Amino acid sequence: MFEYIRSHQRLMMLLLLLIIFPSFAFFGLESYTSMGDARDTVAKVDGKEITQPELDAAQREQTDRMRQMFGAQFDASMLETPEAKQEILDDLIARRVLASEARRNALSVSDRTLQQTIGGMAGLTLPDGKFDIERYKALLAAQGMTPAMFEARLRQDMAIQQVNAAIQTTAFAPVSLAQRLSELNEQGREAQQLLFKSSDYTSQVKVTDEMLQSYYDNSNAFNVPERVKAEYVVLSMDALESQVTVSEADIQSYYDQNKSQYGVPEQRRASHILIAVDKNAPEADKKAAKEKAEKLLATLKQSPQEFAELAKKNSDDPGSAERGGDLDFFGRGMMVKPFEDAAFSLKQNEISNLVQSDYGYHIIKVTGIKAASERPLAEVKNEIAKEIKKQLVARKFTETAEVFGNTLYEQSESLQPVAEKLQLKIQSVDNLSRQVSQTAGASAPYNNQRFLSALFSDDALRNKRNTEAVEIAPNTLIAGRVADYKPSSKRPFEEVKAAVRERVVQAEAQVLAKKAGEAKLAALKEKDDASGFAAAQTFSRAKSQNANPAVFLAVMKADTSALPSYVGVETPGGYSVLRLTRVVQPTNIDRAKRDAEKQQIAEVLAQEETLAYIDVLKERAKVKIVKPIAQGNKETD
């Protein structure tokens, strides 16, 4: 990726918040129209409030989107900082002003487009390709939303995308800029490295008690992370199964309506002789094929016992000819209709007249008949009961999920109401942290990152309110509340003194290695000397590097106007002095790659224009930050 794009990482983070279309994976779906009193107001846009619950919900959604993108590498605590929360608030404000601009320009989304978008969402398609409306409703109900609420929000999101698209399409990348960045991206640089290892200087370090105490006082390395004891309830198909009963009348009715599922339809075994001719063949060919078939039929009427022999010699169906025309047993729907109709109208050992199909002319002989049969109710009773129960439990889950989410919100001070209403068991667990435990096991319902993020949200910790309903698996919801909170603490100094000493020695050795490296660098800049350096290594932005990232960046940023040139950089475990000896440009230019890079640059410029446009809209909307994230409650413009 280009250095220009690397240097705009904050811009790219903002794009995750402002530009990327919502994931619509139903993670943390919330209505952004929740009511709040004045003390919950964090910002105003055109005089309309953005509340603290809205900000909390947006933070949960952003956590889920980032986790989808980066997987296990994502650390949820990154979004708990004041800076991250401020960016999320900025995103909410941006969405408000963009939505207002979409309305002002009468931008809309048709019902058909909305329907197609929802129909294309992952995880909402049945095996037969149809839209799973029940799962759709259940997922929404779990978040306290109706389809109408979600579809209104989705419609607004798509209108906002129209505003974004209108701005981004105006940007273009100047040819000179694109060419220069491409050249820098493809450029190779040869450099030699001289490493001053900090481990070589540990014997020179003198450690005092004051140094140890100072390091301990100013380090977070010995902190015990915050923990919570939590109560939780799980709504799942298994939890509801005991609440559903299946009557004898239900079983009988189901059996009567689905007898075809519990029986074997009539089957026929037949042999045939095929005289093939294409349905689009000339009439002369069709006539010749028919005449041949008629001669064979006449022979069979005289000598029906010769059917197998005639089939082997004359049939154009290679699959059955060698078996004397035998097709084995088949049911209705397995053969072309003219063939099927004839086969199921014959008696056993009866030979048909000529039967014409798209493949040609058939002579059919029925050699076996299996009558239709049904499995008795007693044999399939348990099977039917399980199927009915499965359907009833699924229906009950869909209905109950909405009650689950609503009760959690409406009676947010305790899990007892929702447990009593839905006959669920309140369970407890201690020593939960913000991150998934590697020892608790993936099967533990509480050991889910989305649930932990909800449990450690400001609302759950500060106000001891119930979390929202979180889907941790298909048809499985969990909600919890904090029963006890233990803030982060520090292990006693005497307990960690040895570890502190080791870290202080390493830090001081690093200082000495850096000092020695900087002295060597200064001397080399005065007089070139290649002795002691490792073999030359080529560095390039276009190719992946195995070198330390700090070394790589130092090489690529170094001044190459006069070679050899020198640059120094501190690295983990020491200090590196780098001697640059050559700059290499590619001899062949990849035009397709250049065009792709130009498009990338245009996209970055388009994103910058979008952010600038949003700033203008914010000014027009007279945005006020009522409760700054990191500065208390002072109202500011």
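Starting from 1, each residue takes its place in the sequence as its number. What you see is a predicted model; the values in this text were computed from it and never measured.
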request  = Count the heavy atoms belonging to other residues, nucleotides or ligands that lie under 6.0 Å from CD of Glu526, then report whether that count exceeds 12.
outcome  = no
message = As a quick check of understanding, evaluate side chain to side chain contact (heavy atoms under 4.5 Å, CB included) for Glu151 and Gln156, giving each step before the final call.
response = CA-CA 9 Å; Glu151 287 157 17; Gln156 182 188 75; over 6 Å; no
ask   = Does the side chain of Val511 come within less than 4.5 Å of Lys515's, by heavy atoms?
value = no
ask   = What is the distance from atom CG of Leu114 to atom CD1 of Ile118, rounded to the nearest 0.5 Å?
value = 4.0 Å
ask   = Of the non-hydrogen atoms in Ala554 and Leu578, which two are nearest, and what is the gap between them?
value = CB-CD1, 4.0 Å
ask   = Which atoms form the tightest heavy-atom contact between Pro445 and Ile472, and what is the distance?
value = O-CD1, 3.6 Å
ask   = For residues 567-583, which residue pairs qualify under side-chain hydrogen bond (donor to acceptor under 3.5 Å, both in side chains), counting only residues two or more places apart or in two chains?
value = Glu190-Arg582, Gln192-Arg579, Gln193-Ser576, Gln510-Glu570, Asp528-Arg579, Tyr566-Arg579
query = Considering all heavy atoms of both residues, which atom of Ala159 and which atom of Val109 are nearest to each other, and what is their separation?
reply = N-CG2, 3.9 Å
ask   = Quick one: does Gln162's side chain have a donor or acceptor within less than 3.5 Å of a partner on Ser108's backbone?
value = yes
ask   = So how far is it from Lys618 NZ to Ile614 CD1, rounded to the nearest 0.5 Å?
value = 7.0 Å
note = Correct closest heavy-atom pair for Met211 and Val207 would be SD-CA, 4.0 Å
ask   = Do Glu609 and Tyr613 have side-chain heavy atoms sitting under 4.5 Å apart?
value = no
ask   = Regarding Ser110 and Thr113, is there a side-chain donor-to-acceptor distance under 3.5 Å anywhere?
value = yes
Minimum heavy-atom distance between Ala43 and Leu89, given as atom pair plus value = CB-CD1, 4.1 Å
ask   = Can you check whether Ser531's main-chain N or O pairs, donor with acceptor, with Asp529's side chain at less than 3.5 Å?
value = yes
task = Scan for ring pair (Phe, Tyr, Trp, His ring centres under 6.0 Å) pairs involving residues 485-518, sequence neighbours excluded, and state none if there are none.
result = Tyr216-Phe493
query = Quick check: does any side chain N or O of Asn447 sit under 3.5 Å from a backbone N or O of Val436, one acting as donor and the other as acceptor?
reply = no
Where at least one partner belongs to residues 492-501, residue pairs that pass side-chain hydrogen bond (donor to acceptor under 3.5 Å, both in side chains), sequence neighbours excluded = Arg491-Glu495
query = Can you find a pair of side-chain heavy atoms, one from Leu154 and one from Met121, that are under 4.5 Å apart?
reply = yes
key: Nearest-0.5 Å distance, CG of residue Leu455 to CG of residue Leu432   = 6.5 Å
request  = Provide the closest heavy-atom pair for Gly574 versus Ala513 in the form atom of the first, atom of the second, distance.
outcome  = CA-CB, 4.4 Å
query = How about Glu619: does its CD atom have over 12 heavy atoms from other parts shown lying under 6.0 Å from it?
reply = no
query = Does the pair Ile625 and Ile93 meet the rule for a side chain to side chain contact (heavy atoms under 4.5 Å, CB included), with working shown?
reply = CA-CA 10 Å; Ile625 305 298; Ile93 293 170; 3.6 Å; yes
query = Is a donor on one side and an acceptor on the other found under 3.5 Å between the side chain of Asn218 and the backbone of Ser214?
reply = yes
inquiry  = I'd like to know if the side chain of Arg189 and the backbone of Val583 have a donor-acceptor N/O pair within less than 3.5 Å.
reply    = no
message = Under the criterion side chain to side chain contact (heavy atoms under 4.5 Å, CB included), I'd like the reasoning laid out for Leu524 against Val577: C-alpha separation, chi angles, the key distance, then a yes or no.
response = CA-CA 9 Å; Leu524 290 170; Val577 177; 3.8 Å; yes
task = Go through Phe196 and Leu194 one step at a time and tell me if the side chain to side chain contact (heavy atoms under 4.5 Å, CB included) criterion holds.
result = CA-CA 7 Å; Phe196 290 80; Leu194 178 59; 4.0 Å; yes
ask   = For Lys490, does the NZ atom have more than 12 heavy-atom neighbours from other residues, nucleotides or ligands under 6.0 Å away?
value = yes
inquiry  = Please determine whether a side-chain nitrogen of the Lys or Arg among Arg95 and Asp157 lies less than 4.0 Å from a carboxylate oxygen of the Asp or Glu.
reply    = yes
ask   = Are the side chain of Ser453 and the backbone of Gln449 linked by a donor-acceptor contact shorter than 3.5 Å?
value = yes
query = How about Glu226 and Ser488: does a side-chain donor come under 3.5 Å of a side-chain acceptor?
reply = no
task = Measure the CZ-CD1 distance between Arg450 and Ile478 for me, rounded to the nearest 0.5 Å.
result = 11.0 Å
ask   = Under a 4.5 Å cut-off applied to non-hydrogen side-chain atoms, are Gln213 and Asp209 in contact?
value = no
message = Once salt bridge (Lys or Arg N to Asp or Glu O under 4.0 Å) is applied, do any residues pair with Asp458, and if so which ones, sequence neighbours excluded?
response = Lys85
query = Any side-chain heavy atom of Gln62 sitting closer than 4.5 Å to one from Ile88?
reply = yes
query = Under 3.5 Å, is there a donor-acceptor pair between the side chain of Ser100 and the main chain of Val97?
reply = no
task = With rounding to the nearest 0.5 Å, note down the distance linking CD in Glu471 to CG in Asn448.
result = 10.0 Å
key: Any residue meeting side-chain hydrogen bond (donor to acceptor under 3.5 Å, both in side chains) with Asn105, in chain and number order, not counting sequence neighbours   = Glu101
query = If only atom types and distance count, is the side chain of Asn220 paired as donor or acceptor with the main-chain N or O of Asn223 below 3.5 Å?
reply = no
request  = Give a yes-or-no answer on whether the side chains of Asp90 and Gln86 include a donor-acceptor pair shorter than 3.5 Å.
outcome  = yes
query = Are Asp559 and Ser561 close enough that a side-chain donor and a side-chain acceptor fall under 3.5 Å?
reply = yes
request  = Determine, for Phe222 and Arg503, whether the Lys NZ or Arg CZ falls below 6.0 Å from the six-membered ring centre while staying within 45 degrees of the axis.
outcome  = yes
request  = Quick one: list whatever passes ring pair (Phe, Tyr, Trp, His ring centres under 6.0 Å) with Tyr215, sequence neighbours left out.
outcome  = none
CG on Leu55 to CG on Asp91, rounded to 0.5 Å = 10.0 Å
ask   = If you measure only the distance, is there a donor-acceptor pair under 3.5 Å linking the side chains of Thr51 and Glu54?
value = yes
message = I'd like to check Met158 versus Thr117 (side-chain heavy atoms, cut-off strictly below 4.5 Å). Are they in contact?
response = yes
